[in-house]
> 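Structure provided below as structure tokens; questions to follow.
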2 protein chains.
Amino acid sequence: MMQVSAGPAAQAVPTTRRDQILAAAAELFAAHGFHGVGIDDIGAAVGISGPALYRHFRSKDAMLGEMLISISRGLFSGGKERAAAAEDPSKALAELVTFHTNFALDNPALITVQERNLGNLREDDRKQVRALQRQYVEVWVGAISAAVPGITEERARSAAHAVFGLLNSTPHNRYVGSTELAELLHRLALGALHAAR
Amino acid sequence: MMQVSAGPAAQAVPTTRRDQILAAAAELFAAHGFHGVGIDDIGAAVGISGPALYRHFRSKDAMLGEMLISISRGLFSGGKERAAAAEDPSKALAELVTFHTNFALDNPALITVQERNLGNLREDDRKQVRALQRQYVEVWVGAISAAVPGITEERARSAAHAVFGLLNSTPHNRYVGSTELAELLHRLALGALHAAR
DNA sequence: CAGCGCAGTTAACGATGACTAACGTAATCG
DNA sequence: CGATTACGTTAGTCATCGTTAACTGCGCTG
């Protein structure tokens with residue numbers, strides 16, 4: 001699968017070997033789950049075979065760790081940045097929705113892996129990822145609290161998680177073209193949040 | 001262990017051994033992924049150990065298969081029933097939302113497994129599950145098409161998937177009490193669908 | 001051009017996993 | 001009452017998996 005990334009710090013088509021491996025691994029993890037993929041499968045996906053991966057990563061766990069940490073970091077920093085740059089609360093929320101939607105559309109495998117494989121992380125990596133995710137959620141909670149008047153913080157947090165679920169449905173949602181899908185998801189997300197009270 | 005059964009027909013809290021195993025397996029699969037769980041783990045979770053499971057299931061794959069097929073069947077038949085019984089389109093949609101929400105709230109592990117482990121199914125089981133899921137989606141597509149005027153069928157299908165993602169976020173969404181969560185999700189889902197145009 | 005290090009190879013090892021075999025026991029029933 | 005059946009047990013098999021070891025060639029650089 002080709003990646004047509006327009007994301008932050010966009011790398012050209014050819015990436016470093018490490019990133020090439022991570023991308024292939026993400027695809028495989030998303031399809032079969034972390035334990036459903038062998039080291040040889042990942043190697044084969046990038047044209048080298050098996051143990052050669054250990055020239056680039058300390059272990060299979062380390063691949064997943066690096067993958068999830070970089071996703072979480074990208075989401076958090078990108079989200080924070082965009083929310084801060086917006087001129088009013090309702091625009092901040094719209095920006096967040098757009099940002100997250102685009103990320104999910106551009107990186108379906110990464111989103112899938114992040115959604116499903118937190119539990120396969122080593123303890124310390126999991127802690128780090130969870131911390132980043134929590135910070136990202138707080139960016140949303142802030143934006144929601146500011147944009148929809150009278151909502152409690154807990155409801156805002158729940159609503160944020162629910163909207164993540166909505167937007168992360170992207171990988172399994174290929175019935176309309178991706179620009180139309182982006183527009184539809186945007187509308188749905190804001191409609192939902194607007195209805196949160 | 002004694003069984004505190006309310007009667008022969010009553011499938012209340014106490015279940016048959018098969019179902020007990022399936023419930024335990026669902027919990028484990030949800031937490032660690034299909035391949036992350038050993039046959040011994042499942043056995044231990046119900047107080048017997050390892051190979052004894054083969055008295056009840058042909059294989060580990062068969063457990064997952066039975067699990068996913070029964071979930072999909074329950075969702076489809078329950079959804080169809082409720083949608084048909086509703087007196088007008090907008091009530092049908094509200095019924096569907098309530099039904100799905102309650103299912104997700106009552107069976108977080110099952111929902112998680114169904115969301116994540118379709119790819120670990122054996123080919124024939126996967127076909128069956130996909131067929132059931134497609135039928136369930138069509139129930140929603142019908143309800144959405146009838147309730148929100150002017151929406152295309154493709155958009156309705158995309159919206160349905162998105163709302164599933166929203167409602168299925170339940171397992172990771174425990175910030176407010178479950179009755180409040182149910183109410184919030186209901187509101188969010190209908191708000192989203194209402195905004196789908 | 002000697003030499004070093006990067007990036008790859010195949011072979012092996014120990015652990016673990018799904019599943020089978022062989023066996024035991026208590027209840028059911030003809 | 002004897003046999004069958006249901007439901008367990010432990011021990012073993014065989015494949016597979018993550019990882020390491022030992023080795024090889026290529027491209028820099030001093």
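We name chains A, B, ... by the order of the sequence lines, and we start the count at 1 in each one. Quick note: numbers below take in every heavy atom, side chains included, and nothing from hydrogens, waters or symmetry partners. Fair warning: this is a prediction, and the values are worked out from it, not measured in the lab.
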> Compare the minimum distances between each of C:dA18, D:dT9, C:dG8 and the side chain of B:Y54, then state the nucleotide with the smallest one.
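Looking only at side-chain atoms, B:Y54 lies closest to C:dA18.
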
> Over 60° means perpendicular and under 30° means parallel, so classify the ring planes of A:F99 and A:F103, tilted if in between.
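If you compare the ring of A:F103 with that of A:F99, the planes turn out tilted.
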
> From the options C:dG8, D:dT10, D:dG8, select the nucleotide whose nearest atom is closest to the side chain of A:H56.
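So the nucleotide nearest the side chain must be C:dG8.
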
> Round to a whole Å and report the spacing from CD1 of A:I48 to C1' of C:dT9.
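Value for this atom pair: 11 Å.
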
> Need one value for B:V37: base, sugar-phosphate or nothing, where a base atom within 4.0 Å counts as base even if backbone is also close, heavy atoms only.
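If one applies the 4.0 Å heavy-atom cut-off, B:V37 turns out to touch the sugar-phosphate alone, with no base involved.
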
> Take atom CZ of B:R55 and atom P of C:dA21, then tell me their distance rounded to the nearest Å.
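To the nearest whole Å, that distance equals 11 Å.
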
> In whole angstroms, how far is the C1' atom of C:dA15 from the NE2 atom of A:H35?
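For the pair A:H35 NE2 and C:dA15 C1', the rounded distance is 14 Å.
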
> What's the CG-P distance between B:L53 and D:dA6, to the nearest Å?
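Interatomic distance, CG of B:L53 to P of D:dA6: 17 Å.
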
> Between C:dT20, C:dA18, C:dA7, which nucleotide has the shortest distance from any of its atoms to the side chain of B:P51?
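Nucleotide nearest to B:P51's side chain: C:dT20.
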
> Side chain of B:I39 only, please: which of D:dT19, C:dA18, C:dC23 is the nearest?
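For the B:I39 side chain, the nearest candidate turns out to be C:dA18.
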
> Mapping B:G50 and A:G38 to their closest nucleotides on DNA chain D, which lands nearer the 5' end?
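The 5'-side residue here is B:G50.
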
> Just the rounded figure in Å: distance from P of C:dA18 to CZ of B:F57.
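It is 15 Å, rounded to the nearest whole Å.
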
> Between A:E66 and A:R58, is there a salt bridge with N-O shorter than 4.0 Å?
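Salt bridge between A:R58 and A:E66, a charged N being under 4.0 Å from a carboxylate O: no.
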
> So, for B:H172 and A:F164, is the gap between ring centers shorter than 6.0 Å?
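Distance test on ring centres: not under 6.0 Å, no.
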
> Can you check the A:F34 CZ to D:dC17 P distance for me, whole Å?
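Going from A:F34 (CZ) to D:dC17 (P), I get 13 Å.
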
> Distance only, no hydrogens: is a donor on one side chain within 3.5 Å (strictly under) of an acceptor on the other, for B:R130 and B:Q133?
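There is no such pair between these side chains.
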
> Which nucleotide wins on minimum distance to the side chain of B:R17, given the candidates D:dG8, D:dT9, C:dT9?
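Nearest listed nucleotide: D:dG8.
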
